[in-house]
Every structure is written in structure tokens, then in C-alpha cells.
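I have placed the structure first, in the form of C-alpha cells, so that the comments after it can refer back to it.
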Amino acid sequence: MSNSVSFSLAPFDLVLFGGTGDLAMRKLLPAMYFRHHEAQLPDEGRIICIARSDLTTEQFVQKMEVAARSYIKPEDFHDETWKTYCDRIVYAPIDITDQSHYDKLAELLKPFPDRVRVFYLSTAPSLFARICQGVSEAGLITHQSRVALEKPLGRDLESALQINDQLAGAFDERQIYRIDHYLGKETVQNLMALRFGNSLFEPLWRREHISDVQITIAEQLGVEGRAGYYDHTGALRDMVQNHLLQLLVILAMEPPVSIHPDAVRDEKIKVLRSLKPIVGRDVLTNIVRGQYKSGVVTGEQVLAYRDADGVDPKSNTETYVAIKAEIESWRWQGVPFFLRTGKSMPEKRTEIVVNFRSVPHSIFDMPMAPNRLIIRLQPEEIIKLQIFAKGRGDEMRLQPVDLDLDFNETFEKRQMIAYERLLLDMIRGNQTLFNHRDEVAAAWEWIDPIINTWDELNVEPRLYAAGTWGPAASNALIAKDGCGWIEEFT
Ligand code: BG6
């Protein structure tokens with residue numbers, strides 16, 4: 001690595017609260033390492049990790065290396081640049097509930113009052129307000145400071161508003177970075193590139209040409225040691241309120257006038273506000289709530305959710321949701337957006353399928369399937385357009401073929417961790433890929449009545465065997481509109 005390239009980043013101090021936590025070790029610290037390795041960080045850039053454990057910086061760095069070696073592929077781990085990366089790390093044992101401890105942080109930060117300061121709250125949400133108050137009272141919030149928060153931002157509209165108000169007591173909205181790590185994924189940004197960097201799709205991107213859209217976030221993992229959080233949260237709050245709705249919004253929004261954060265956020269909020277509310281009995285007909293029972297995922301026997309460590313044996317928490325969502329606008333009236341997410345599914349797959357309408361009349365002596373655009377976000381990044389072409393031979397027989405873009409084959413560079421982009425954007429001061437408080441509120445406004453109805457009607461989740469694609473009712477949900485989930489990546 002050479003530091004001789006020019007930097008677009010200003011000198012910074014990134015203060016990571018929750019520095020010994022899983023997210024910091026697994027994603028945030030490796031993400032910054034990659035940016036360091038690519039020589040994108042200025043020499044004057046420190047990462048100050050804060051946690052309660054009584055460690056020296058040296059001990060912390062050792063711990064960080066053990067973790068990093070298990071999360072970074074050996075071919076991407078470079079001993080030389082790792083060593084220089086570690087020089088950026090400072091560890092400070094701080095009890096964030098004790099105001100006097102913020103003086104230690106002040107000592108570390110005060111020599112560099114002009115640097116960009118990012119306070120990254122990778123902690124339980126219950127500590128957000130306390131940390132904001134702590135840094136504020138210690139006089140650490142400068143003009144160049146920002147605060148970054150991980151989801152979940154509340155568990156309903158009321159608690160989200162409360163958190164936002166607490167943040168607003170210490171920071172301006174322009175200083176607040178609400179993270180949805182899906183927005184940092186390159187394929188999600190590519191979705192915008194595909195829609196707004198090509199003239200091809202825009203004229204077709206509407207109800208006249210699109211029959212339905214499917215968005216799937218399937219995970220093979222089950223609750224995996226997160227029962228304390230997950231059993232009080234469930235898939236609707238954990239995945240739909242944020243990641244799934246963000247994908248829907250980017251897919252459905254009107255073209256923004258520019259890539260400026262305000263322009264993009266304005267369009268995103270409009271989509272959230274035009275989501276048709278699902279209330280009362282519609283919750284029963286438009287939504288399937290599921291929970292996995294025991295089964296087999298990739299050859300391994302998996303315990304039922306209710307038998308997992310830390311889960312209430314009578315828990316009704318959903319590990320699967322399928323929803324028929326509708327957007328009330330001229331562009332999308334009548335086009336169902338089928339959303340689904342689940343744990344303990346047969347594959348890890350995040351994928352968007354846009355089904356176009358069939359040709360109005362087939363002149364070929366055969367039924368014609370509709371064109372389909374498939375955007376796969378993970379595990380591989382692939383964009384496929386299924387069209388029909390005549391196969392070789394003397395007969396006029398049409399068959400589906402794919403126009404195929406495989407990002408691994410087309411771009412040689414390593415696929416970035418979503419946080420690499422997000423962390424750099426926080427330092428740059430670019431809020432395009434972060435959520436405005438109004439977006440979070442609009443998403444909860446749509447989610448709250450669903451949760452309330454489930455509670456009022458005591459809706460029990462339908463069981464599905466781990467390792468399957470969810471309850472049978474989810475097929476019935478989509479079949480009502482003459483559609484079927486695309487299970488196979490053809
Ligand atoms: C998190 C959820 O936000 O996203 C987890 O809390 C989920 O439950 C994870 O597993 C999925 O993220 P990714 O990037 O692996 O698709």
C-alpha cells in the first residue's frame with residue numbers, strides 16, 4: 001500500500017461505541033481495514049474503540065486481529081497493511097453510563113478539534129440517548145461531528161419518534177446518519193444505476209408493462225444466539241420495516257432530480273407514504289406470518305424456533321413474513337409487490353424479480369411466458385434479463401434465454417462489505433445512503449397497524465419446516481393474483 005495517492009477524505013476520528021461487539025469485530029473494523037489497504041484513509045485518521053472491558057490498546061488490537069482473521073479471507077489479509085492499520089487504533093475502556101468517563105474520551109479528542117468526528121453507536125438502542133447526552137455534556141460535539149446509529153430504531157412509531165427526539169436534543173438532522181446496511185450493498189446502489197443510468201427501463205417501469213414484483217430476502221441462518229433480541233422483535237420489525245421496504249422504495253421511486261441526499265430521500269419518502277395501509281381483516285388476507293419448526297437446512301438438523309436457546313417455548317414471534325404490498329400511485333396502481341423474508345430457508349438469497357406483462361397476442365404457435373428481470377443481490381451479484389429467442393434449427397421455436405451480467409466476471413475488484421461505503425460516506429458527510437427521520441417514521445406508520453392487528457386478533461404464526469420456503473399459505477397468498485414465487489434461479 002502506498003499513501004501517496006490523493007485522498008478525498010478529511011482527517012477524522014471515528015469513535016466506535018460497542019468497540020468489542022460483534023458488529024465492530026465482524027464488519028466495521030474489517031471494513032475500515034479494507035479502505036486502509038486501498039489507501040483511501042488519510043494518515044490523520046484514527047479509530048477510537050470504546051467498550052467497558054479493561055483492555056490496553058495492544059490487547060484490543062490482538063483481539064481484533066484474531067476476529068479479523070476469521071472474517072477476512074486469507075488472500076485479502078495483508079500482513080504489511082494490517083500492521084499499519086493497527087497504528088490507527090486506540091482503545092479506551094469507558095463505562096458509557098458514567099459521565100465522568102467521558103473525560104477520558106475528551107482527552108483523546110481535544111487535541112484535534114477540527115477533525116471530522118463520527119460517533120458510531122454500535123450498541124443496544126437503549127444506550128443511544130445516554131451516549132448522546134454523554135458526548136454532548138462533555139462538550140465533544142463540534143460542527144464537524146456526526147452520529148451514526150444502527151437499527152432497530154425503535155420498535156414502533158412512538159418509540160422511534162422518541163429516539164429521534166432524543167437525538168435531536170444533541171445533534172442536527174444533518175449530523176445524524178441512520179444506517180440500513182442494505183443501502184451500502186453495491187447491488188442496491190446498482191439498482192439505482194440500472195434504473196436511472198439507462199434509458200431502456202424507465203418507459204417500461206410502470207403498471208402498463210409490469211405485472212408484479214417479488215422481493216425475497218431468504219436466510220439459512222436461524223435465530224443463532226440472538227434470541228434475547230429476536231424473540232421480542234420478529235421478522236416484520238427486524239427485516240421488513242427496514243431492509244425489505246428500502247429495496248421496495250428504491251425499486252418503485254420516481255426518478256430523483258439528482259443524487260443529492262435531499263432529492264433521493266424526498267422520492268423515497270413519497271413511496272413509503274403511498275403504500276396502501278394494510279389494516280383490520282386485510283392483515284389476515286394480505287400477510288402470512290410464519291415460524292420455523294424443526295427441519296433440515298443444508299443437511300444439518302435444525303431445532304424448532306421455539307426450542308432454540310433463549311426463546312420462549314410458547315413464542316409466537318414470526319421468523320417468516322410474506323406480504324402483498326400495494327403502492328397507491330399513477331405509476332403502480334394495481335401492481336402487487338410481493339415481499340417475503342424468512343430464517344432457516346433452503347438458501348441464502350436476496351433477489352428482486354420484476355415480471356413484465358405477457359405479449360398481448362402470440363403470433364407463434366406456442367404459449368409465451370413474460371419477460372423477467374432478475375436482480376440478485378446476494379450471495380452473488382447478478383442482473384439477468386430473460387427474453388425469448390428462436391433456438392437453432394429449421395423450426396420457429398422460441399425459448400427463454402438470459403442476457404446476463406455477473407459482477408464477479410465483469411468487475412475484477414473484490415465485492416465490498418456494505419459498511420465500507422457507509423463508513424466512508426459518514427466521514428465525507430454524504431447522507432444519500434442513510435435514512436431521514438421522516439423515512440423511519442413513515443415505515444413504522446405502515447408497520448404498526450399490522451403488528452397491532454396481530455396482537456389484537458392473536459394471530460399465531462403458521463409453522464413451516466426449517467429448510468423449506470415458508471408456510472404453504474404464502475403460495476396461496478400470491479396465487480390469488482395469478483402469480484407464483486420464483487424459487488429457482490433459472
Ligand atoms: C440484520 C438483521 O439487520 O440483517 C438480521 O437484524 C439479518 O436478522 C441480517 O440476519 C441480514 O443481513 P445480510 O447482509 O446478511 O443480508
Side-chain angles (χ1 to χ4, degrees), residues 18 21-28 30-31 34 71-72 120-126 148-155 160 177-191 215-248 250 290-292 297-298 302 305 308-311 315 317-321 339-352 375-382 407 414-423 433-435 439-440 443-444 447 466 470:
D22 182 59
L23 183 74
M25 290 292 167
R26 206 158 44 90
K27 300 281 186 189
L28 305 177
F34 284 125
Y71 297 123
I72 299 176
Y120 194 120
L121 315 189
S122 175
T123 63
S126 53
L149 300 103
E150 278 294 330
K151 66 165 261 280
L153 258 163
R155 47 181 293 106
Y177 289 67
R178 295 179 192 82
I179 300 165
D180 183 316
H181 77 276
Y182 266 59
L183 294 179
K185 291 185 191 277
E186 288 193 274
T187 338
V188 177
Q189 294 156 42
N190 248 313
L191 197 53
I215 309 180
T216 298
I217 305 183
E219 296 184 90
Q220 283 179 321
L221 289 180
V223 63
E224 319 290 328
R226 294 170 76 218
Y229 157 75
Y230 197 85
D231 207 31
H232 291 103
T233 307
L236 190 68
R237 290 187 173 101
D238 185 48
M239 299 296 286
V240 181
Q241 189 272 344
N242 35 74
H243 308 323
L244 261 169
L245 283 186
Q246 286 295 322
L247 295 182
L248 174 143
I250 293 177
Q291 186 190 77
Y292 66 85
V297 180
T298 53
V302 170
Y305 174 74
D309 218 13
V311 172
S315 174
T317 301
E318 74 285 356
T319 60
Y320 175 97
V321 192
L339 316 177
R340 65 174 168 168
T341 183
K343 297 217 180 270
S344 291
M345 303 258 104
E347 295 173 29
K348 177 168 176 75
R349 186 205 296 181
T350 303
E351 187 171 274
I352 296 167
I375 304 158
R376 176 174 269 212
L377 282 79
Q378 47 188 24
E380 315 87 15
E381 289 183 272
I382 294 172
F407 285 72
R414 176 185 60 83
Q415 183 179 356
M416 282 168 68
I417 303 175
Y419 286 97
E420 290 177 58
R421 169 73 198 264
L422 297 176
L423 282 159
L433 298 178
F434 298 85
N435 290 324
E439 270 183 85
V440 176
W444 280 121
I447 293 289

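The first residue of the sequence shown is numbered 1, and numbering continues consecutively from there. Start at 1 and go down the list; that is how both ligands and their atoms are numbered. Keep in mind that this is a model prediction, so the values were computed, not measured.
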Should [X] and [Y] count as side-chain neighbours, where that means a heavy-atom distance under 4.5 Å?
| X | Y | answer |
| --- | --- | --- |
| Leu183 | Ile250 | yes |
| Pro30 | Ile417 | yes |
| Lys343 | Tyr292 | yes |

### Task
Test side chain to side chain contact (heavy atoms under 4.5 Å, CB included) on Leu153 and Gln241 and set out the steps.
CA-CA 10 Å; Leu153 258 163; Gln241 189 272 344; over 6 Å; no
### Task
Determine the minimum heavy-atom distance between Gln189 and Arg421, stating which atoms define it.
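Gln189 and Arg421 have their closest heavy atoms at OE1-NH1, 2.7 Å.
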### Sub-4.0 Å heavy-atom environment of ligand 1, residues by chain
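The 4.0 Å shell around ligand 1 contains Lys151, His181, Tyr182, Lys185, Glu219, Arg226, Asp238, Met239, His243, Lys343, Lys348, Gln378.
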### Message
Checking Glu150 against Ser122: is there a side-chain donor and acceptor pair closer than 3.5 Å?
### Response
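Distance-only check fails for Ser122 and Glu150.
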